Amino acid sequence: RGVCHILAKQLGRLAKQRRSVHSVGIIGAPFSYGQVPIVVKRRGVEGGPQAIRDAGLAERLSGLGCKVHDYGDLSFTTVPNDTPYNNIVHHPRTVGLANQSLTEAVSRAVSDGHLSIMLGGDHSLGIGSVHGHAQQRPDLCVIWVDAHCDLNTPLTSMSGNLHGQPVSFLIRELQDKIPPLPGFSWMTPCISAKDLVYIGVRDVDPAEYYILKNFGIRYFSMKEVDQLGIHKVMERTFDHLIGKQKRPVHLSYDVDAIDPSLAPATGTPVIGGLTYREGMYIAEAVQNTGLLSAMDLVEVNPKLATSDAELNATVNIAVDVISFSLGQAREGSHGKCDELPTPSATCTTNEQTIRL
């Protein structure tokens, strides 16, 4: 009888474990126009969403107990005669329109009760993802995991690539530094500088550094990751963002934050990045807050893989980041066990024998 009682409790816990921990809404955003058009080799990032799906994302999340709703891929319009703004900012109308569509999609997913997962695509899509999230959760904070700050304004960018500028559009304190870019009339900034933390940066432009220092944005470069350790980095991140008030977290994760020796299939790799363990620890720590409300996984570019091994390595890391953000644990996924049965008794039920 004692063994039967214990086993019945264990089966009940396992059944509870199979129930949805999260209801997730996956939004594919196959988009590459945040990048300069002459760099043809970087095109291919629009294949990121399908590559991540093909690596088994939905199956992995279902195995973690998540209810998965895949909204499919958004269909983006390429605006004809999309001339550069100020002769340097590329595809402003196309990027603006794409982010407007993404804003609506993310807002709808969050409104439907899902944790939004946006699969990019380049990181210019961070504009629409954070903006859409903020429409439903205006008190959100943002953790931006990236080798780059993506913080140039259209007037400071040296490349004209909008995937290097999304954060400047989101920050209220920079509103008077953003010119009236065609395609962005719908856009209003939705976070303050104090609502943002960067992790993993190691390639910062002069104007971006000026903004970081003069607007009080908290950031942890790879130097700080080395000095403090990733545990202390996350501890300080949460103390800054949610130490005084618990609020929704938006995790925007560029795969180039991971060292390119581990995730090579990406467009702007920078050596000296996060190790696998550091990258997954960030995701685990965010999950442990219980406050994750939306996330992005961007800049996976299948065309830049020189072999199947490179592609598999990159997309598997992408799937792992999302999975650890949603409850996968490195100590193993298992049910809770409070007591062990003794060998002194056996138990059968009317219908079947319960086996441990």
Side-chain angles (χ1 to χ4, degrees), residues 13-31 45-76 101-121 125-126 128-130 132-133 135-137 140 143 145 248-255 263 279-280 282-300 302 311-312 314-330 332-336:
R13 292 192 186 105
L14 290 173
K16 289 180 181 178
Q17 188 189 24
R18 293 189 191 102
R19 294 174 188 165
S20 175
V21 178
H22 296 285
S23 179
V24 300
I26 298 173
I27 301 169
F31 187 77
V45 73
E46 67 276 6
Q50 191 58 51
I52 295 171
R53 287 190 181 97
D54 290 345
L57 175 63
E59 293 81 4
R60 181 84 71 85
L61 297 183
S62 295
L64 294 172
C66 297
K67 292 181 180 177
V68 180
H69 180 84
D70 195 332
Y71 287 89
D73 285 348
L74 296 176
S75 179
F76 297 114
S101 297
L102 181 58
T103 288
E104 295 167 358
V106 171
S107 179
R108 181 174 63 251
V110 176
S111 177
D112 288 345
H114 302 303
L115 189 158
S116 174
I117 301 175
M118 187 274 284
L119 307 178
L125 297 163
S129 185
V130 174
H133 188 190
Q135 288 187 342
Q136 300 296 327
R137 305 286 187 268
L140 64 78
I143 300 174
V145 184
V249 173
H250 187 111
L251 176 62
S252 198
Y253 208 119
D254 189 323
V255 77
M280 298 311 126
I282 293 169
E284 286 177 313
V286 171
Q287 147 68 19
N288 289 340
T289 68
L291 298 172
L292 182 64
S293 182
M295 71 177 297
D296 317 318
L297 199 295
V298 300
E299 297 286 359
V300 171
L311 175 58
N312 291 337
T314 307
V315 296
N316 286 338
I317 280 180
V319 172
D320 285 351
V321 167
I322 298 170
S323 299
F324 281 110
S325 299
L326 291 170
Q328 183 168 323
R330 281 183 288 174
S333 298
H334 42 71
K336 185 179 178 183

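Note that this is a predicted model, so its numbers are computed, not measured. Numbers here simply count residues along the sequence, with the first being 1.
Contact record, F324 with Q287: O-CB, 3.5 Å, taken as the closest heavy-atom pair. Nearest heavy-atom pair across G327 and L64 is C-CD2, 4.4 Å. Between G121 and P49, the shortest heavy-atom distance links the atoms N-CD, 3.8 Å. Nearest heavy-atom pair, V68 versus A58, reported as atom, atom and distance to 0.1 Å: CG2-O, 4.0 Å. Taking each heavy atom of S129 and L102 in turn, the nearest pair found is N-CD2, 3.7 Å. Between A318 and V300, the shortest heavy-atom contact is CB-CG2, 4.1 Å.
Side-chain contact between E299 and V45: present, with at least one pair of heavy atoms (C-beta onward) separated by less than 4.5 Å. Looking only at side-chain heavy atoms (C-beta outward), I27 and L119 stay at 4.5 Å or farther from each other. Q328 has its side chain within reach of R60: a pair of non-hydrogen atoms, C-beta onward, lies under 4.5 Å apart. Within the 4.5 Å cutoff, no side-chain heavy atoms of V110 are placed close to those of H114. Counting heavy atoms from C-beta on, the side chains of H69 and I26 never come closer than 4.5 Å. For the pair F76 and E46, the minimum side-chain heavy-atom distance is 4.5 Å or more. Residues I322 and M295 are in side-chain contact: their nearest non-hydrogen atoms beyond the backbone lie under 4.5 Å apart.
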Quick one, V298 with V255, criterion side chain to side chain contact (heavy atoms under 4.5 Å, CB included). Give me CA distance, side-chain angles, the key distance, then yes/no. CA-CA 6 Å; V298 300; V255 77; over 6 Å; no
Determine, step by step, whether D320 and M280 satisfy the side chain to side chain contact (heavy atoms under 4.5 Å, CB included) criterion, reporting the C-alpha distance in whole Å, the side-chain angles of both residues, the deciding distance to 0.1 Å, and the verdict. CA-CA 7 Å; D320 285 351; M280 298 311 126; 3.7 Å; yes
Kindly determine whether L140 and V249 satisfy side chain to side chain contact (heavy atoms under 4.5 Å, CB included), including the steps that lead there. CA-CA 6 Å; L140 64 78; V249 173; over 6 Å; no
Taking it one step at a time, do Y71 and D112 satisfy side chain to side chain contact (heavy atoms under 4.5 Å, CB included)? CA-CA 12 Å; Y71 287 89; D112 288 345; 2.8 Å; yes
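Annotation: the span from C66 atom SG to I117 atom CD1 amounts to 7.0 Å, rounded to 0.5 Å. With rounding to the nearest 0.5 angstrom, the CG atom of D296 is 10.0 Å from the CG atom of D254. Atom CG in L292 sits 8.5 Å away from atom CD1 in I143 (nearest 0.5 Å). For the atom pair OG (S111) and CD (E104), the distance works out to 13.0 Å, reported to the nearest 0.5 Å. Atom OH of Y253 and atom CE of M118 lie 15.0 Å apart (nearest 0.5 Å). For the atom pair I317 CD1 and S323 OG, the distance stands at 12.5 Å (nearest 0.5 Å).
Side-chain atoms of H250 and S293 include no donor-acceptor pair closer than 3.5 Å.
Pairs passing the salt bridge (Lys or Arg N to Asp or Glu O under 4.0 Å) check and including a residue from residues 47-58, sequence neighbours excluded, read R53-D70, R53-D73.
Distance alone, capped at 3.5 Å, places no donor-acceptor pair between the S107 side chain and the T103 backbone.
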